[in-house]
Amino acid sequence: MRGLFITLEGGDGAGKSTQIRNIEKFFEEKGMTVTHTREPGGTPIGEKLRSILLDPANTEMEAVTEMLIYAAARSQHVRETVLPALERGEVVICDRFVDSSIAYQAYGRNLGSMVAEVNGHATGGLRPDITIWLDIDPETGRARATRDSGPDRLESESTAFHTRVREGYASMAEAEPDRFKRVDASGSVEEIKDEIYKLLEDLCLVRGL
Ligand code: TYD
């Protein structure tokens, strides 16, 4: 694998989309080719699965069903989009990846260790070079989030659910400090950008870029 795989995590209102654009700029200014993609989605099959997953009308969806559909979308995404771009030497910036399943399905839905096991198959063992977690408390995030449409199926979950999700992310930050970086997302857009750029400079230094 020659490219760089960068993933972004974080809840509603953390400012993920704005910072993804900043990360794109960071690498484009270095003259690198960037592929920007997302989960669930990033392939035609994945985008179809995404609409099933996020549709608020799907109230009867079982937790295990949900977890398997996220993993199915991921399997397609890794093989059809992410790996080919990495093999071309590109920087792949992905809005959410397997850590979302650990946070939302293992912690949020209390599915436990089966999530990591299933996702090991979905990713084929692919790990991000760095994961940036924009951490914001669920209440602040919700109040900040601006949207044209109503909340999707996951966003409609209780504060207790979103608190478990955040605990999941916090334990990943503790378990994998070299890869999984917490960034306080309560600050200004500029402050968050500066902190992310520092992390990316460090990564580039290590990788000789
Ligand atoms: P999206 O609109 O991309 O949300 P956001 O703007 O918050 O990133 O919708 C993705 C939703 O799916 C989000 O609520 C998190 C959830 N999700 C999971 O529960 N598990 C997963 O594996 C992934 C990738 C996302």
Side-chain angles (χ1 to χ4, degrees), residues 5-21 23 36-43 45-59 61-78 81-82 92-123 126-128 131-169 172 180 183 185 192:
F5 186 32
I6 295 167
T7 64
L8 269 287
E9 298 287 346
D12 225 16
K16 210 151 36 83
S17 322
T18 307
Q19 298 304 337
I20 286 174
R21 282 194 293 277
I23 297 171
H36 171 189
T37 186
R38 68 170 179 184
E39 290 203 351
T43 66
I45 291 170
E47 293 293 328
K48 285 185 188 168
L49 295 173
R50 176 185 177 90
S51 57
I52 296 171
L53 286 163
L54 300 188
D55 187 347
N58 286 337
T59 50
M61 192 183 293
E62 291 289 338
V64 174
T65 310
E66 176 184 284
M67 185 272 290
L68 291 170
I69 301 176
Y70 277 112
R74 180 162 301 126
S75 168
Q76 190 64 31
H77 186 225
V78 164
T81 306
V82 179
V92 178
I93 303 172
C94 189
D95 184 347
R96 300 188 177 280
F97 191 55
V98 62
D99 302 304
S100 281
S101 280
I102 303 298
Y104 285 77
Q105 280 69 54
Y107 283 81
R109 301 279 190 228
N110 294 310
L111 289 180
S113 60
M114 89 161 88
V115 180
E117 193 189 329
V118 166
N119 275 281
H121 298 287
T123 62
L126 176 69
R127 308 287 292 166
T131 298
I132 294 166
W133 168 37
L134 297 180
D135 180 32
I136 193 148
D137 90 82
E139 292 294 344
T140 314
R142 234 182 261 216
R144 251 204 206 174
T146 49
R147 55 166 74 84
D148 303 326
S149 50
D152 66 39
R153 200 173 55 81
L154 279 290
E155 284 164 356
S156 308
E157 281 294 335
S158 65
T159 300
F161 174 86
H162 289 284
T163 302
R164 285 198 299 280
V165 168
R166 192 183 189 198
E167 285 164 5
Y169 282 129
M172 287 181 254
F180 197 98
V183 170
I192 300 170

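One-based numbering along the sequence shown. Order of appearance sets the numbers: ligands from 1, and atoms from 1 within every ligand.
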Are Arg38 and Glu47 within salt-bridge range, i.e. N to O under 4.0 Å?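 Yes, charged N to carboxylate O under 4.0 Å.
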
Do Asp135 and Arg166 meet the salt-bridge criterion of a basic N to acidic O distance under 4.0 Å?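 Between Asp135 and Arg166 there is a salt bridge, with a charged N closer than 4.0 Å to a carboxylate O.
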
Shortest protein contact, [atom] (heavy atom only):
atom: atom 4 (O) of ligand 1; result: Arg96 NE, 4.0 Å
atom: atom 25 (C) of ligand 1; result: Tyr70 CE2, 3.3 Å
atom: atom 14 (O) of ligand 1; result: Leu154 CB, 3.3 Å

With heavy atoms of [X] as the reference, note each atom of ligand 1 found under 4.0 Å away.
X: Gln105; value: 18 (C), 19 (O), 20 (N), 21 (C), 22 (O)
X: Asp152; value: 2 (O), 9 (O)
X: Ser100; value: 20 (N), 21 (C), 22 (O), 23 (C), 24 (C), 25 (C)
X: Ser101; value: 21 (C), 22 (O)

Options [options], ranked by nearest heavy atom to [atom], top entry:
atom: atom 3 (O) of ligand 1; options: Arg74, Arg50, Arg153, Glu39; result: Arg50
atom: atom 11 (C) of ligand 1; options: Leu54, Thr7, Leu8, Asp95; result: Leu54
atom: atom 6 (O) of ligand 1; options: Glu9, Met67, Lys16, His77; result: Lys16

Polar side chain donor-acceptor pair, Glu139 to Thr159, under 3.5 angstrom: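 There is such a pair between these side chains.
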
Between Tyr70 and Arg96, is there a side-chain donor-acceptor contact under 3.5 Å, judged purely by atom types and distance?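 No pair is found: no donor N or O on one side chain lies under 3.5 Å from an acceptor on the other.
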
Flag, side chain of Thr65 to backbone of Met61, donor-acceptor distance under 3.5 Å: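 Looks like no, no N/O pair under 3.5 Å.
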
Closer than 3.5 angstrom, by distance alone: can the side chain of Ser51 be matched with the main-chain N or O of Lys48 as a donor-acceptor pair?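 Yes: the side chain of Ser51 pairs with the backbone of Lys48.
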
Can you classify the ring geometry of Trp133 versus Phe180 as parallel (below 30°), tilted (30 to 60°) or perpendicular (above 60°)?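 Geometry flag for Phe180 against Trp133: tilted rings.
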
